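Inspection log for the structure reproduced underneath, given as structure tokens.
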Amino acid sequence: MSTAEGQVKRQWMLEGLDCANCAMKIENKVKKIEGVSSCSVNFTMKMMTLETAASEAETISEQARQTVLSLEPHVKLREMKTGAIRKPLQSGSFRTGHPGEAGGHAHDDHDAHDDHDHSQGTAHQHEGTSEEAHGHSHDHGTGDTRRILLRLAGGGLLAAAGMFLPVDGIPELLLFLAAYLMVGGEVVLSAVRNIVRGQVFDENFLMALATIGAFAIGEYPEGVAVMLFYQVGELFQGLAVNRSRRSITALMDIRPEFAYLKEGGNLRRLSPEEVGIGDVIVVKPGEKVPLDGTILEGRAMMDTSALTGESVPRSAEPGSQVLSGFINQSGVITVEVTQTFGDSAVSKILELVQNAAGNKAKTENFITKFARAYTPVVVITALLLAVLPPLVLSGATFSDWIYRALVFLVISCPCALVVSIPLGFFGGIGAASRSGILVKGSNFLEALNDVKIVVFDKTGTLTKGQFTVTGIYPSEGFSEEELLRTAAYAESHSSHPIAASIRAAYGKEISGEATADYNEISGHGIEVTVEGRAVLAGNARLMEREGIASSTPAQTGTVVHLAVDQKYAGYLVIADEVKEDSLSAIQALEALGIRKTVMLTGDTTAVAEAVGRQLGISEVHAGLLPQHKVEAIERLERGKSTREKIIFVGDGINDTPVLARADVGIAMGGLGSDAAIEAADIVIMTDEPSKIAAAIGIAKRTRGIVWQNIIFALAVKAVFLLLGAFGIATMWEAVFSDVGVTVLAVLNSVRALQVPNKLA
């Protein structure tokens, strides 16, 4: 997958990556490899994306692989094929152990395996990968949950025996030690392995240190109980993360599994990647359209909700364009393929959404840096807490203050923030994609919160970009029908869009024999003989030239005047219609606190101002070339505060420079335009301007959820750190403040996936 000149992008699935902190460590370490221009590890999708110089791609990729394996030896790297989009992870990859969920998927009505080497067997890959094999405490999502529960129950029974049987001394210690090793042996093993690899400050180390410390000061029951509670909490945390992962990937479960290729009278089932442009495929009711194409035969209703967010099915007939990911609800259709799978709509969407995590929001970057500095500071503070008070305060004992320091250590883990914040942003991106809005990164989603100025292109953005006859004004002696018929015949040989709109408005067959002596007068119009009568059709200059008095229309738009046998017959008004939801889109933006809406267009001032008045747009600038639009954006840039952001919304073809220049570039209907996908930060897959307000609404909701998690996690930790330091909180409360807060924060992040009805 090439990117900038001389750069190559490669992607790997990191099977078995079940810890957000580990993902962060891998990303930070790989970024430091010389020659790596960018590296992003998406914990939610278990994907690492690496960008390197093309000349050194192989060497650097091997270094990156070795780095991943040195940090997380149990992780299996599976490189994704260039140009191939991997199907979002199935729930079988996260064997949660829920009844009936062991290897299935809520949406699986097909084989569990993918047709491609890079994802073959992901659902079955780890059935035999026991947690003991790699000693990783976060892996409850992929291990055998029943076995974990049995081990925890066994450890709990041994601990209960130690507490209630009349034993003391060595037998008591041995009972608790056996219980501890059964429950937490893997955590201690992971901590030791990580220390050997030079990774000291992680959750395994903190838990091992705190519980071994409890044993050292004779608190055996508490050491075992805390490890038991921690492991149960980790199990729930794993289930919560996996559930949210499944929710996110289910949103993107739009990848077609197969295509039926028509070969003579036979159908052959193939992978969509094997079908070429020009091939003919058949799509039956209930199946996903596997590739973009044009319908040759058949009619059907298409469910387009997965791609566009539209809830109402769309009818498709011969000549209609269909996109991969549409679901055929009725009727068998034969489709001629117009795009390879790598260039199809569904591939572009999956690639955009999967790569979105690479562009991180400021909040995510802040939390990553915060977590890196925070844990060592807390460990040093805990050490001082254990040593200083007994030396300084009279009556203070080492055992008491060591216990407080251990409690302090357990509380310190920043897991809640590291796991829940990327999940929150990814959930927001998922919710946006379900609404037909593709956001290329959480940085752009976050930027939408600060937008105060929205700048629109006119044609194709606020208007339909299709010319239609909006008015027929005959003069005396002519009817509307007669005027339209005469105009349609006069324009029957012209290929101009305005001529096409007149013929479309007439809507009847035009006899070629009825017209003669066709002559196009450059810059004026047409003179032609229609059914033996001399007809003139054109602008006001044509009427002046022929000395025919014409009316001056009050309406805005392109005017076509007609004269028959030198007598003025009337005029037609042709205009580019405003989209149905443009007005409500502008009103919704104002309701969200947007202080200025601006329209930039190359159209005439009269037309632009009429559209601006109709929609209530604050500023209108007409007659602009693309470079003038960039200058207009730069002027607006100078007039705003540093925190405020500007959106530019265009159709992505001639607006590429402006899309790239604005703080956030939004392309309308961009699936058909590679320029739009390349230049825009957000792509709206329907042509609805109202989706801009929906995107801002989702962004505000996502930021609200992320900040709820940050404030909640830090507030709970601050309270428990103080309670621990003053000896009020025990290790039980400490474990709740770590694991409990993480589970609650993850569950809160899942709310970002839901699209409120008023935004959808």
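Just so it is clear, the model here is predicted, and its values are computed rather than measured. In what follows, residues are counted from 1 in the order of the sequence shown. Every heavy atom of this structure was used, including side-chain atoms; hydrogens, water molecules and symmetry mates were not.
- The shortest non-hydrogen separation linking Ser330 to Met301 is OG-N, 3.2 Å.
- Considering every non-hydrogen atom in both Ser442 and Ile429, the closest pair reads N-CD1, 3.7 Å.
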Step by step, would you call Lys579 with Met668 a side-chain contact (heavy atoms from CB on, under 4.5 Å)? CA-CA 12 Å; Lys579 289 179 185 172; Met668 299 292 288; 4.0 Å; yes
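- Every residue meeting the salt bridge (Lys or Arg N to Asp or Glu O under 4.0 Å) condition with Arg661, not counting sequence neighbours, appears here in chain and number order: Glu634, Glu637.
- Taking CD from Gln587 and OG from Ser690, the interatomic distance works out to 11.5 Å, rounded to the nearest 0.5 Å.
- Distance OG1/Thr49 to CD/Gln11: 4.0 Å, rounded to 0.5 Å.
- The main-chain N or O of Phe425 is never found under 3.5 Å from a side-chain atom of Thr702 such that the two would form a donor-acceptor pair.
- The side-chain contact (heavy atoms from CB on, under 4.5 Å) check on Ala588 picks up Ala693, with sequence neighbours excluded.
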Between Glu580 and Lys464, does a side-chain contact (heavy atoms from CB on, under 4.5 Å) hold up when you go through it step by step? CA-CA 9 Å; Glu580 288 83 358; Lys464 292 178 180 176; 3.1 Å; yes
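- In terms of the side-chain contact (heavy atoms from CB on, under 4.5 Å) criterion, residue partners of Arg595 (sequence neighbours excluded) are, by chain and number, Lys452, Ile453, Lys640, Glu644.
- A pairwise comparison of heavy atoms in Val455 and Ile646 identifies CG2-CG2, 3.9 Å as the closest pair.
- Contact of the Lys717 side chain with the Val741 side chain is not registered, since no non-hydrogen atoms from C-beta on lie closer than 4.5 Å.
- With rounding to the nearest 0.5 Å, the separation of CD1 in Ile647 from CD1 in Ile594 is 6.0 Å.
- In this view, Arg643 and Asp450 satisfy the salt bridge (Lys or Arg N to Asp or Glu O under 4.0 Å) rule, not counting sequence neighbours.
- Side-chain contact check for Leu589 versus Val451: every heavy-atom pair is 4.5 Å or farther apart.
- From Leu438, atom CG reaches atom CD1 of Ile682 across 9.5 Å, with rounding to the nearest 0.5 Å.
- When side chains are defined from C-beta on, Met302 does not count as touching Gln329, because their heavy atoms never get closer than 4.5 Å.
- Put simply, the side chain of Ile698 reaches to within 4.5 Å of the side chain of Ser435, judged on heavy atoms.
- Contact detail for Lys46 and Leu17: the closest heavy-atom pair is CE-O, 3.5 Å.
- Applying the salt bridge (Lys or Arg N to Asp or Glu O under 4.0 Å) rule to Lys596 yields the partners Glu619; only residues at least two apart in sequence or on another chain are considered.
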Could you go step by step and tell me if Val578 and Leu583 meet the side-chain contact (heavy atoms from CB on, under 4.5 Å) rule? CA-CA 9 Å; Val578 170; Leu583 179 59; over 6 Å; no
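- Not a single donor-acceptor pair under 3.5 Å links the side chain of Thr461 to the backbone N or O of Phe456.
- With sequence neighbours left out, the side chain to side chain donor-acceptor pair (under 3.5 Å) criterion links Ser618 to Thr597.
- For Ser320, the side-chain contact (heavy atoms from CB on, under 4.5 Å) partners are Ile295, Ala316, Glu317, not counting sequence neighbours.
- The minimum heavy-atom distance between Ala745 and Asn709, with the atom names listed, is O-ND2, 3.3 Å.
- Gln321 meets the side chain to side chain donor-acceptor pair (under 3.5 Å) test with Thr294; sequence neighbours excluded.
- Rounded to the nearest 0.5 angstrom, Ile705 CD1 and Arg751 CZ are separated by 4.0 Å.
- Shown here for Met599 and Ala608, the closest heavy-atom pair between the two residues is CE-O, 3.2 Å.
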Going through the checks in order, is the side-chain contact (heavy atoms from CB on, under 4.5 Å) test met by Val706 and Glu446? CA-CA 10 Å; Val706 165; Glu446 192 168 56; over 6 Å; no
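- By the side chain to side chain donor-acceptor pair (under 3.5 Å) test, Ser324 is found to be paired with Asp292, Ser344, residues two or more places apart in sequence or in another chain being considered.
- Looking only at distances, a side-chain donor or acceptor of Asn28 sits under 3.5 Å from a matching main-chain atom of Met24.
- With hydrogens and angles ignored, the 3.5 Å screen pairs a side-chain donor or acceptor of Glu27 with a backbone N or O of Val41.
- At least one side-chain heavy atom of Leu462 sits less than 4.5 Å from a side-chain heavy atom of Ile617.
- Rounded to the nearest 0.5 Å, atoms CG (Asp457) and NZ (Lys629) are 4.0 Å apart.
- For Asn328, there are no side chain to side chain donor-acceptor pair (under 3.5 Å) partners two or more places apart in sequence or in a different chain.
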